[in-house]
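Only one structure is covered here, and it is reproduced in the block below.
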Amino acid sequence: MLRFTKTALLLLLSLPMMAWAETADQLSALLQSHARLSAAFQQYTLGDDNLKSENASGRLWIEGVDRFRWETESPFPQTIISDGQWLWVYDPDLEQATQRPLGEGEVMTPARVLGGDVEQLNCYFNVQQIEAGAGNSLFELTPKEEGSAEFQSLRLLFSGDLLAELLIQDGLGQRSLIMLSEQSFPAAFDQTMFRFVPPTSVDVILMDQNG
């Protein structure tokens with residue numbers, strides 16, 4: 001009887017881990033088709049009352065875990081580019097670009113989550129599924145270790161098999177809602193879109209990996 005009790009206890013303790021792994025498998029399966037993604041986006045800041053404010057819009061391109069391009073068109077232009085080795089942030093209105101290296105210790109960003117796989121999800125996050133209504137799937141990711149991701153929590157809403165919304169809560173509790181449209185999944189991207197050559201008139205600020 002004692003042996004059965006120990007076995008049952010161990011099984012019960014392992015259930016949350018088993019559930020997280022199974023949920024991560026489901027999320028990874030949905031993300032497989034999003035590893036190369038192009039979409040338009042609308043980004044909002046959410047207040048405590050869930051009212052939207054500070055609208056921004058533009059387009060994004062993601063390929064794998066380390067290549068992405070994020071172009072904000074309004075209210076002011078800004079381009080963020082990662083080529084796998086360097087991260088660039090270009091502000092044309094300021095005629096300024098910052099450059100910093102990417103390394104093995106790079107924290108997980110929402111873009112890297114979209115390009116990741118189940119092994120990475122299980123390594124970095126606790127993943128749970130939340131009821132979202134018929135035809136929708138909602139997953140919430142929370143980092144297992146503090147500082148391993150640039151967000152406190154990330155929610156991914158799928159409409160069918162299509163990623164429709166991301167809800168990001170940062171370390172200060174601020175929430176950003178990103179709504180996607182015009183999603184496409186091309187067979188390949190022109191790799192020049194993940195490279196940045198600063199115009200000669202632009203001031204370049206080089207930061208270290210911790211900057």
Side-chain angles (χ1 to χ4, degrees), residues 27-28 30-83 87-94 96-98 107-116 121 125 127-143 149-186 189-190 192-194 196:
L27 175 57
S28 178
L30 286 169
L31 289 177
Q32 285 181 1
S33 63
H34 292 72
R36 187 179 290 113
L37 167 68
S38 173
F41 71 84
Q42 293 281 338
Q43 181 173 355
Y44 305 89
T45 298
L46 296 184
D48 294 336
D49 52 7
N50 286 328
L51 291 179
K52 300 173 184 176
S53 62
E54 298 184 21
N55 178 27
S57 62
R59 293 200 64 88
L60 62 86
W61 297 261
I62 294 173
E63 184 173 69
V65 298
D66 56 7
R67 287 176 171 79
F68 63 84
R69 183 183 187 100
W70 182 283
E71 288 189 358
T72 301
E73 299 166 355
S74 67
F76 54 85
Q78 183 186 66
T79 302
I80 303 174
I81 298 175
S82 170
D83 62 6
L87 179 71
W88 288 90
V89 180
Y90 173 45
D91 295 287
D93 287 351
L94 300 177
Q96 178 178 293
T98 60
V107 298
M108 292 296 288
T109 64
R112 296 190 75 202
V113 169
L114 297 186
L121 293 177
F125 303 105
V127 184
Q128 63 175 324
Q129 190 166 6
I130 301 172
E131 178 60 37
N136 295 326
S137 300
L138 178 61
F139 298 87
E140 181 174 71
L141 288 73
T142 53
E150 68 170 22
F151 52 83
Q152 184 176 345
S153 68
L154 170 64
R155 289 190 175 188
L156 303 172
L157 176 66
F158 292 83
S159 177
D161 295 333
L162 196 66
L163 181 63
E165 295 182 6
L166 299 88
L167 179 61
I168 306 164
Q169 181 167 318
D170 65 21
L172 299 176
Q174 179 172 310
R175 295 182 301 157
S176 298
L177 175 64
I178 300 172
M179 305 177 69
L180 303 183
S181 61
E182 303 174 23
Q183 298 95 323
S184 64
F185 311 97
F189 282 133
D190 181 348
T192 59
M193 73 166 49
F194 302 117
F196 178 73

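Numbering starts at 1 and runs along the sequence shown.
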Quiz prompt | Euclidean distance, I81 CD1 relative to W88 CH2, rounded to 0.5 Å | solution = 9.5 Å
Self-check item: Donor-acceptor contact below 3.5 Å, side chain T72 vs main chain G58
Solution: no
Practice problem: Flag the pair L87 / T98 as yes when at least one side-chain heavy-atom distance between them is below 4.5 Å, and no otherwise. | Solution: no
Self-check item: Nearest heavy atoms of H34 and L163, plus distance in Å
Solution: NE2-N, 3.0 Å
Practice problem: Sequence neighbours left out, what passes salt bridge (Lys or Arg N to Asp or Glu O under 4.0 Å) with E165? Give chain and number order. | Solution: none
Quiz item: Tell me, do L27 and F125 make a side-chain contact under 4.5 Å, heavy atoms counted?
Solution: no
Quiz item: So among L60, I80, D83, which one has a side-chain contact (heavy atoms from CB on, under 4.5 Å) with F68?
Solution: I80
Quiz item: Quick one: are the ring centres of F194 and W61 less than 6.0 Å apart?
Solution: no
Quiz item: Heavy atoms, side chains only, cut-off 4.5 Å: are F196 and R69 in contact?
Solution: no
Practice problem: Taking all non-hydrogen atoms of both residues into account, name the closest pair between F189 and I62 and its distance. | Solution: CE1-O, 3.5 Å
Quiz item: Which residue pairs pass the side chain to side chain donor-acceptor pair (under 3.5 Å) test with at least one member in residues 129-140, sequence neighbours excluded?
Solution: Q128-E140, E140-R155
Self-check item: Side chain proximity check, L30 to L156, heavy atoms < 4.5 angstrom
Solution: no
Exercise. Step through the shown structure and confirm whether more than 12 heavy atoms of other residues, nucleotides or ligands are within 6.0 Å of CZ on F185.
Key: yes
Exercise. Identify the heavy atoms of L166 and P110 that sit nearest to each other, and give their distance.
Key: CD2-CB, 4.3 Å
Quiz item: How many angstroms lie between atom OG of S176 and atom CG of L154, to the nearest 0.5 angstrom?
Solution: 11.0 Å
Self-check item: Nearest-0.5 Å distance, CE of residue M193 to OG of residue S38
Solution: 7.0 Å
Self-check item: Closest non-hydrogen atom pair between T109 and F151, with its separation
Solution: C-CE2, 4.1 Å
Quiz prompt | The single option from E73, E182, E71 passing salt bridge (charged side-chain N to carboxylate O under 4.0 Å, His left out) against R59 | solution = E182
Quiz prompt | Between CZ on residue R36 and OG on residue S184, distance to nearest 0.5 Å | solution = 11.0 Å
Quiz item: How far apart are the closest heavy atoms of Q43 and W70, and which atoms are they?
Solution: OE1-CZ2, 3.5 Å
Quiz item: Do the ring planes of F139 and F158 sit parallel (below 30°), tilted (30 to 60°) or perpendicular (above 60°)?
Solution: perpendicular
Exercise. Considering non-hydrogen atoms only, spot the tightest contact between Q152 and D170 and give its length.
Key: OE1-O, 3.2 Å
